[in-house]
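This report concerns only the one structure given below.
Labels below follow one simple rule: chain letters A, B, ... track the order of the sequence lines, proteins then strands, and each chain is numbered from 1.
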Amino acid sequence: MNIIVCVKRVPDSEARIQLSDGKTSIDPTGVKFVLNPYDEFAIEAALKQKEAAGEGSVTVVSLGGPQSAETLRTALAMGADSAVLLKTSAENPSGLPVARALAGELGGREYDLILFGLKAIDDDQHAVGGMVAELLDIPSASAVTEFAIEDGSVRADREVEGGSEVVELSLPCALSITKGAYEPRYPSLKGIMAAKRKPLEEKEVSLGEGNETVRLAPPQERAAGRIVGEGPDAVPELIRLLREEAKVL
Amino acid sequence: MPGIFAFVEARDGEIRPVSREVVTAARSVADGLGEEVHAVVLGGAGIGDQAGSLSRYGADRIFVGADEAFTNYSVDGYARALAAFIREHGCSVVIFPASSMGKDLAPRVAARLGVDYAAECTALEVEGGTLAAVRPQYAGKVFATVRFPESPAVLSVRPNVFQPVEAEREGALETFTPERAGDFGSIVRELKAGSQEARDVSEAPVVVSGGRGLRDPENFKILEDLAGAFGNAAVGASRAVVDAGWRPHGEQVGQTGKTVSPSLYFAIGISGAIQHLAGMRTAKCIVAINKDPDAPIFKIADYGIVGDLFEVVPRLTEEIRRLG
């Protein structure tokens, strides 16, 4: 069972996001970067599969700047076997160029499964997983909370509106994992030490063009709200305001 | 005439209401570009029966690809058939709902067409014959304006943002034979739980969210009662209570959950961590109920009640029922 997990380095979800002077990128000053939380689920899912199969390998691949090597070391410390960094100087590249570069790398490898996180929590695009699958011409499913491999095919539970659906896929395939059955393990001290000796290959990639981000803007400020009152006696006034002022009832 | 492609989403043989929003978004782009709206639905036999009503929201032509093979959703099968349709008809803009299916499908369709994709757009603007899309990033901490250098422009629109607008058209129903080659690599075998009626937190017009202030998972009953009183509401949850295992991840609102834009959002017993605020700040109206008057949630709420949620919420439920 050879599994490839694609991961990304992103600002922590609690980070305050400030824009750079040009207003087309964010200012990374003082921002803490982490392994994308959804990718942690994907790594955990890969490790569980490998453990269940009792053989095989988990390879983590990331596309990004030189600091993404740290992110890959975190994945290695969790238990992945080897890592590949596709190094680029492009800032916040768009989905298609990233997917093309990843597909170019993965197409030359042997794999049974390619796992992604549901989405990266920086650009919120949920684009790359499905695009890579299409470019490699393999089946895919996104928003997977749990999956099992039986007789050469995959049964995956996908989160859908108000419930879930069961998708059957032939191998090899690509899955984008969301929170569900795969609570990520913490790297152990032993894992962190071992990660330093695991192979991490770096390759330069050049990216093509995609959609153009013309500008970034902070969200519109919400007008200051007001405290309607204290305790249950404030409820009738709240109802009145929702009906007459906000007109949402 | 090239058309604005509007994807009509069907699940379990039923056209989903979010499709009306997609047609409405397509209508506004079509008016800006001087083009037609071409609504396209895939599904099993009989799927076209419900599609005619989409003309009411501005579909000029409605294309029905009914084929038994498409009864159950297959992401690769649908992507192939839709990409072939888009190429053949020369669609200039392709719009999906940012629903579970749309988000699964749109990136594959875009890659198959050799173009990029913009997800979860919250505004579409046409200026001088060029389309620009506004979309949230960092779960709403930043909004990006995106242009599409290649044609077609493929994008998805966030549910609840483009409210369906009636714009009656003739809406001729036409059939087409969806392209199909060999077996599908992935196919939906079963729909577990979930139904047409179940409201998802990302699509409900009213969301009632609870946080740690609820103190115990069983206390979410009072939020379910409030949601029930509205009739069209979904229950949401903060990351803290999802991480604690009180509520399923499908209900989580915030940066590692769903980003929602309902008309009315209740934050109950939620202090308002930055990653939660990012997920709900585009709600039209926000109401916060919290016993701590200094909770950050009050800074972005339109209306706040300071008090014990166990007293305030039941009273609110009672009043909403009375309006019923």
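- For chain B, the option among Glu237(A), Arg243(A), Glu221(A) with the highest count of heavy-atom pairs below 4.5 Å is Arg243(A).
- Residue Phe184(B): no heavy atom, backbone or side chain, is found under 4.5 Å from chain A.
- Listed for the Asn211(A) side chain is no donor-acceptor partner under 3.5 Å among the backbone atoms of Phe148(B).
- Contact residues of residues 111-120 of chain A toward chain B are Lys119(A) (heavy-atom distance under 4.5 Å).
- Heavy-atom distances place no part of Arg80(B) under 4.5 Å from chain A, backbone and side chain included.
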Check the pair Leu216(A), Gln137(B) against side-chain contact (heavy atoms from CB on, under 4.5 Å), reporting the backbone distance first and the verdict last.
-> CA-CA 9 Å; Leu216(A) 299 179; Gln137(B) 297 188 340; 3.8 Å; yes
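- Here the side chains of Asp116(B) and Glu209(A) are not in contact, with every heavy-atom distance at 4.5 Å or above.
- Between the side chain of Glu161(A) and the backbone N or O of Ser100(B) there is at least one donor-acceptor pair closer than 3.5 Å.
- At a 4.5 Å heavy-atom cutoff, the contact between Leu323(B) and chain A is made by side-chain atoms alone.
- Put simply, of Arg239(B), Met101(B), Glu150(B), the one with the most heavy-atom pairs under 4.5 Å next to chain A is Arg239(B).
- Here Val115(B) is the residue among Val109(B), Asp308(B), Val115(B) with the most heavy-atom pairs under 4.5 Å with chain A.
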Go through the steps to decide whether Asp124(A) and Glu120(B) satisfy the test side-chain contact (heavy atoms from CB on, under 4.5 Å), and finish with yes or no.
-> CA-CA 8 Å; Asp124(A) 283 337; Glu120(B) 303 235 22; over 6 Å; no
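- The most heavy-atom pairs under 4.5 Å with chain B, out of Pro232(A), Gly225(A), Ser94(A), come from Pro232(A).
- Of the atoms belonging to Asp302(B), heavy atoms from both backbone and side chain fall under 4.5 Å from chain A.
- Counting only distance, with no hydrogens or angles, the side chain of Gln255(B) and the backbone of Ile121(A) share a donor-acceptor pair below 3.5 Å.
- With values rounded to the nearest 0.5 angstrom, Ile227(A) atom CD1 is found 4.5 Å from Phe298(B) atom CZ.
- Residue Glu203(B) touches chain A through its side chain alone, counting heavy-atom pairs closer than 4.5 Å.
- At distances below 3.5 Å, at least one donor-acceptor pair connects side-chain atoms of Gln125(A) with backbone N or O atoms of Ala119(B).
- Of all the heavy atoms in Gly231(A) and Val312(B), the pair that sits closest is C-CG2, 3.7 Å.
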Would you please test Asp243(B) and Lys179(A) for salt bridge (charged side-chain N to carboxylate O under 4.0 Å, His left out) and show each step?
-> CA-CA 10 Å; Asp243(B) 283 350; Lys179(A) 192 169 184 167; 2.2 Å; yes
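- Note that CD1 of Ile187(B) and CD of Glu168(A) are 9.0 Å apart. Values are rounded to the nearest 0.5 Å.
- Interface residue Leu241(A): backbone and side-chain heavy atoms are both found under 4.5 Å from chain B.
- The distance from the CZ atom of Arg112(B) to the CG atom of Leu135(A) is 10.5 Å, given to the nearest 0.5 Å.
- Using a 4.5 Å cut-off between heavy atoms, Lys291(B) does not touch chain A at all.
- To the nearest 0.5 Å, atom CD of residue Glu319(B) and atom CZ of residue Arg240(A) are 13.5 Å apart.
- Only the side chain of Val287(B) has a heavy atom closer than 4.5 Å to any heavy atom of chain A.
- No part of Glu251(B) comes within reach of chain A, as not one of its non-hydrogen atoms sits under 4.5 angstrom from that chain.
- Both the backbone and the side chain of Ile274(B) come within contact range of chain A, each with at least one heavy atom under 4.5 Å from a heavy atom of that chain.
- The candidate with the highest count of non-hydrogen atom pairs below 4.5 Å against chain B, out of Ala234(A), Ala133(A), Ser140(A), Ser170(A), is Ser140(A).
- Most heavy-atom pairs under 4.5 Å with chain A: of the set Pro293(B), Ala144(B), Ala111(B), Gly304(B), this distinction falls to Gly304(B).
- With respect to chain A, the highest number of heavy-atom pairs below 4.5 Å among Asn72(B), Val75(B), Thr259(B), Val134(B) belongs to Val75(B).
- Residue Asn36(A): no heavy atom, backbone or side chain, is found under 4.5 Å from chain B.
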Taking it one step at a time, do Thr282(B) and Gln220(A) satisfy side-chain contact (heavy atoms from CB on, under 4.5 Å)?
-> CA-CA 9 Å; Thr282(B) 54; Gln220(A) 278 188 320; over 6 Å; no
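- If you measure heavy-atom distances from Pro219(A) to chain B, the contacts under 4.5 Å come from both the backbone and the side chain.
- Looking at Tyr73(B) and Glu165(A), their side chains never bring a donor and an acceptor atom within 3.5 Å of each other.
- Contact of Val142(B) with chain A is made through backbone and side chain together, with heavy-atom distances under 4.5 Å.
- Each of Lys299(B), Arg189(B), Gln252(B) has some count of heavy-atom pairs under 4.5 Å with chain A, and the biggest count is that of Arg189(B).
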Verify side-chain contact (heavy atoms from CB on, under 4.5 Å) between Ile138(A) and Asp76(B), making sure each step is shown before the conclusion.
-> CA-CA 8 Å; Ile138(A) 59 174; Asp76(B) 50 309; over 6 Å; no
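- In this structure, chain A has no heavy atom under 4.5 Å from any part of Asn290(B).
- Top candidate by heavy-atom pairs under 4.5 Å with chain A, chosen from Ser202(B), Ala139(B), Gly307(B), is Ala139(B).
- For Ser176(A), no part lies near chain B; criterion is any non-hydrogen pair under 4.5 Å.
- At a 4.5 Å heavy-atom cutoff, the contact between Ile26(A) and chain B is made by side-chain atoms alone.
- Only the backbone of Pro136(B) comes within contact range of chain A, judged by heavy atoms closer than 4.5 Å.
- Ranked by heavy-atom pairs under 4.5 Å with chain B, the first of Pro11(A), Gly130(A), Pro37(A) is Gly130(A).
- Put simply, of Val154(A), Leu169(A), Val10(A), the one with the most heavy-atom pairs under 4.5 Å next to chain B is Leu169(A).
- For chain A, the nearby part of Ala79(B) is the side chain; its heavy atoms alone come within less than 4.5 Å.
- When Pro139(A), Ser13(A), Ala127(A), Ser142(A) are compared by the number of non-hydrogen pairs under 4.5 Å with chain B, Ser13(A) comes out ahead.
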